[in-house]
Amino acid sequence: MTSTPARTAEAAPRSAVRRVALASGIGNAIELYDFIIYGLASAIVFNQVFFVTEDPLVGTLIAFLTMGAGFLSRPLGGLVFGHFGDRLGRKSMLVITLTATGVCTFLIGLVPATAEIGLAAPFIVLALRLLQGFFMGGEQGGAFVMVTEHAPAGTKSFYGGWATGGSPLGSILGTLSFTLAASATGDAFLDWGWRLPFFASAVLVLVGLYIRLRLDESPEFTALERTDSTAAAPLVEVVRTAGMFVLAGILLNMGFNLTIFIINTFSMAFGTEALGMERSTILTAGLIGSAVHLVTCLTAAYLGDRLGMTRVMGIGTVLLIAWAFPFFWFFSSATATGATIAIVGGYAFAGIVWGPMAYWFTALFAPRFRYSGVSVSFQVGAVLGGGLSPSVSTWLLQISDGATWPISVYLVIGGLLALIGLTMGRTRIAQMQRPAVGQAAGQPPALQSSAQQPSAHRPSAQ
């Protein structure tokens with residue numbers, strides 16, 4: 001393959017960078033909002049509305065499996081939208097994914113209960129969940145790419161933190177919506193009150209679309225189009241030149257998602273079903289934890305530009321490993337204080353890993369196949385981690401007669417996988433974060449063709 005001359009992308013105005021960062025944050029907030037409300041509904045509602053069995057824990061396990069099914073379609077969505085995002089542009093793909101995800105969430109809230117339409121109900125929910133996951137597969141990676149390609153050099157981790165910060169914001173909004181719906185509807189919550197958070201998603205989508213439609217295309221993609229340097233087969237180039245980085249991204253996100261979905265989803269079922277705690281107690285702990293998560297996420301993103309992303313994220317991963325056993329020691333006290341300490345600690349340490357992750361993923365891949373590389377590696381890791389961890393944890397709890405130490409071991413394994421991923425990508429990340437000689441502060445680095453970019457097999461100075 002012949003290389004094209006390096007072309008410098010024009011720096012985006014600060015106002016445009018902030019607008020893109022805000023839009024990316026809102027998009028990720030909507031994504032996490034949709035997943036949180038589905039996860040909470042799986043833990044406390046769906047086993048009584050759609051997946052009804054004699055044993056509530058079995059019904060919860062089935063509900064968690066449908067939640068995991070939504071993850072199965074995410075890599076396919078990442079592949080499809082990544083391909084067209086690298087071929088046609090980032091902005092148009094992000095508009096499509098945001099709209100379609102919101103429609104699927106709204107429709108889940110309309111599905112009648114199994115008692116009303118029989119077995120068709122759970123199958124409709126499953127189908128909508130698969131569609132939702134497909135469109136979400138192209139959302140998060142695209143948001144990461146869009147904001148970090150707009151951000152000036154030396155601030156990419158920080159502005160990427162606006163995108164990752166959208167996730168704890170979405171968690172706050174999702175948990176708060178469930179708390180308010182449960183409080184306002186009382187005994188009617190299981191009948192229709194749980195549907196209100198799903199309907200509220202439409203409002204968030206409209207706000208997100210209003211902002212997203214006003215964005216400019218990524219300056220790095222615009223420069224690629226100008227020189228006719230877009231990739232004809234982005235995924236092929238990813239696999240051929242950056243396969244090791246795909247694996248690094250999979251391992252990092254697998255470990256992170258494994259942990260975060262035990263904290264924000266499995267903990268609800270564990271507290272209510274296994275410990276007999278009030279759902280309001282765990283929802284409140286989740287709200288506090290999400291707020292702390294937002295603070296540590298933004299702080300870690302800021303520090304990622306100054307101390308190096310690998311160092312900051314490595315510290316967070318080690319802390320998560322250390323918290324694996326104390327998490328359940330505190331939670332198993334079955335008290336509001338114990339549950340809050342467990343969840344807040346988990347969220348705080350997870351935020352340190354999550355904050356710089358937007359730029360960490362985009363830094364691994366060359367601009368011409370970046371959307372594909374980020375989306376596929378991120379989403380495959382999400383499937384193997386978050387898609388399975390609530391179900392695996394529920395199964396481990398069952399076969400161990402209620403003992404939590406196997407789940408703690410599972411959390412430790414997840415943390416170790418994340419550390420391996422960080423180690424595999426550390427050289428590339430260091431190259432991307434090292435200021436180029438003579439580069440003016442605040443100016444984006446020159447675009448390079450894929451032939452000029454460092455590959456998984458060939459070191460190159462950045």
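Numbers for residues simply follow the sequence, beginning at 1.
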(message) For F198, is there any backbone N or O sitting under 3.5 Å from a side-chain donor or acceptor partner on S201?
(response) no
(request) Mark yes or no for whether S375, through its side chain, and S372, through its backbone, hold a donor-acceptor pair below 3.5 Å. (result) no
(request) Supply the atom-to-atom distance L416 CG to L251 CG, rounded to the nearest 0.5 angstrom. (result) 11.5 Å
(request) Test F134 against V80 for side chain to side chain contact (heavy atoms under 4.5 Å, CB included), laying out the working first. (result) CA-CA 9 Å; F134 173 78; V80 171; 4.1 Å; yes
(request) Walk me through it: do R129 and Q132 pass the test side-chain hydrogen bond (donor to acceptor under 3.5 Å, both in side chains)? (result) CA-CA 5 Å; R129 180 65 177 162; Q132 185 190 56; 2.5 Å; yes
Donor-acceptor contacts, no H, no angles, side chain residues 313-327, under 3.5 Å, sequence neighbours left out:
from, atom 1, to, atom 2, distance (Å)
T317, OG1, M313, O, 2.9
W323, NE1, A342, O, 3.0

(request) Have a look at Q379 and tell me which of E139, R74, Q140 forms a side-chain hydrogen bond (donor to acceptor under 3.5 Å, both in side chains) with it. (result) R74
(message) So which atom in S290 and which in P168 form the shortest heavy-atom distance, rounded to 0.1 Å?
(response) O-CB, 3.6 Å
(message) Could you report the tightest heavy-atom contact between A300 and I352, atom names first, then the distance?
(response) CB-O, 3.5 Å
(message) Is there a side chain to side chain contact (heavy atoms under 4.5 Å, CB included) between T241 and F369? Walk through the geometry before answering.
(response) CA-CA 10 Å; T241 67; F369 52 73; 3.4 Å; yes
(message) Rounded at 0.5 Å granularity, tell me how far CZ in F266 sits from CG in L396.
(response) 8.5 Å
(request) Supply the atom-to-atom distance L298 CG to L303 CG, rounded to the nearest 0.5 angstrom. (result) 11.0 Å
(request) Using a 4.5 Å cut-off on heavy atoms from C-beta on, say whether the side chain of I343 contacts that of F330. (result) no
(request) Kindly indicate, with the supporting measurements, whether the criterion salt bridge (Lys or Arg N to Asp or Glu O under 4.0 Å) is fulfilled by R90 and E217. (result) CA-CA 7 Å; R90 306 358 181 165; E217 182 55 85; 5.0 Å; no
(message) Minimum heavy-atom separation for K156 and A151, please, with both atom names.
(response) NZ-O, 2.8 Å
(request) First locate atom CG of L384, then atom CG of L417, and finally report the distance between them rounded to the nearest 0.5 Å. (result) 9.5 Å
(request) Find the distance between OG1 (T259) and CE (M254) and round it off to the nearest 0.5 Å. (result) 10.5 Å
(message) Within the 4.5 Å heavy-atom criterion, are L287 and L283 side-chain neighbours or not?
(response) no
(message) With a 4.5 Å cut-off on side-chain heavy atoms, are P390 and I262 touching?
(response) no
(request) Report yes if the distance between the aromatic ring centroids of F270 and F331 is under 6.0 Å, otherwise no. (result) yes
(message) A side-chain contact here means heavy atoms from C-beta on lying under 4.5 Å apart; do P367 and L224 qualify?
(response) yes
(request) Would you indicate whether the side-chain heavy atoms of T155 and V17 approach each other to under 4.5 Å? (result) no
(message) Pair L204, I26 - check side chain to side chain contact (heavy atoms under 4.5 Å, CB included), show working.
(response) CA-CA 8 Å; L204 296 175; I26 290 176; over 6 Å; no
(request) Could you tell me which non-hydrogen atom of Q433 sits nearest to which non-hydrogen atom of M309, and how far apart they are? (result) OE1-N, 2.9 Å
(message) For the OH atom on Y410, are there more than 12 heavy atoms of other groups (residues, nucleotides or ligands in this structure) within a distance under 6.0 Å?
(response) yes
(message) Which heavy atom of S92 sits nearest to which heavy atom of G89, and what is that distance?
(response) OG-O, 3.8 Å
(request) Spell out, as yes or no, whether a donor-acceptor pair under 3.5 Å connects the side chain of D86 to the backbone of Y371. (result) yes
(request) Just say parallel, tilted or perpendicular for the rings of F81 and F135, cut-offs at 30° and 60°. (result) tilted
Can you give me every donor-acceptor pair (side chain of residues 354-362, partner residue at least two apart or in another chain, under 3.5 Å) with its distance?
from, atom 1, to, atom 2, distance (Å)
W354, NE1, T164, O, 2.7
T362, OG1, T148, OG1, 3.1
T362, OG1, A358, O, 3.2
T362, OG1, Y359, O, 3.2

(message) Tell me whether R212 forms a cation-pi arrangement with Y210, defined as NZ or CZ under 6.0 Å from the six-membered ring centre and within 45 degrees of its axis.
(response) no
(request) Using atom types as modelled and distance alone, determine if a side-chain donor or acceptor of S24 lies under 3.5 Å from a backbone N or O of A163. (result) no
(message) To the nearest 0.5 Å, what is the distance between CD1 on I260 and OG on S167?
(response) 9.0 Å
(message) Counting C-beta onward and ignoring hydrogens, is there a side-chain heavy-atom pair between V246 and F365 closer than 4.5 Å?
(response) yes
(request) Decide side chain to side chain contact (heavy atoms under 4.5 Å, CB included) for Y33 and I37; before the verdict, give the C-alpha distance in whole Å, the side-chain angles of both, and the deciding distance to 0.1 Å. (result) CA-CA 6 Å; Y33 175 91; I37 61 174; 3.7 Å; yes
(message) Less than 4.5 Å apart, side chain to side chain, heavy atoms only: is that true for F84 and I96?
(response) no
(message) Here's a test for you: under salt bridge (Lys or Arg N to Asp or Glu O under 4.0 Å), which of R370, R226, R368 qualifies with E220?
(response) R370
(request) Would you name the heavy atoms of L98 and V205 that are closest together and state the gap between them? (result) O-CG1, 4.0 Å
(message) Using a 3.5 Å distance criterion without hydrogens, assess whether the side chain of T296 forms a donor-acceptor pair with backbone atoms of H293.
(response) yes
(request) Say whether, by atom type as modelled, one donor and one acceptor occur between the side chain of N253 and the main chain of G249 under 3.5 angstrom. (result) no
(message) Tell me if the centroids of the rings in F144 and F378 come within less than 6.0 Å of each other.
(response) yes
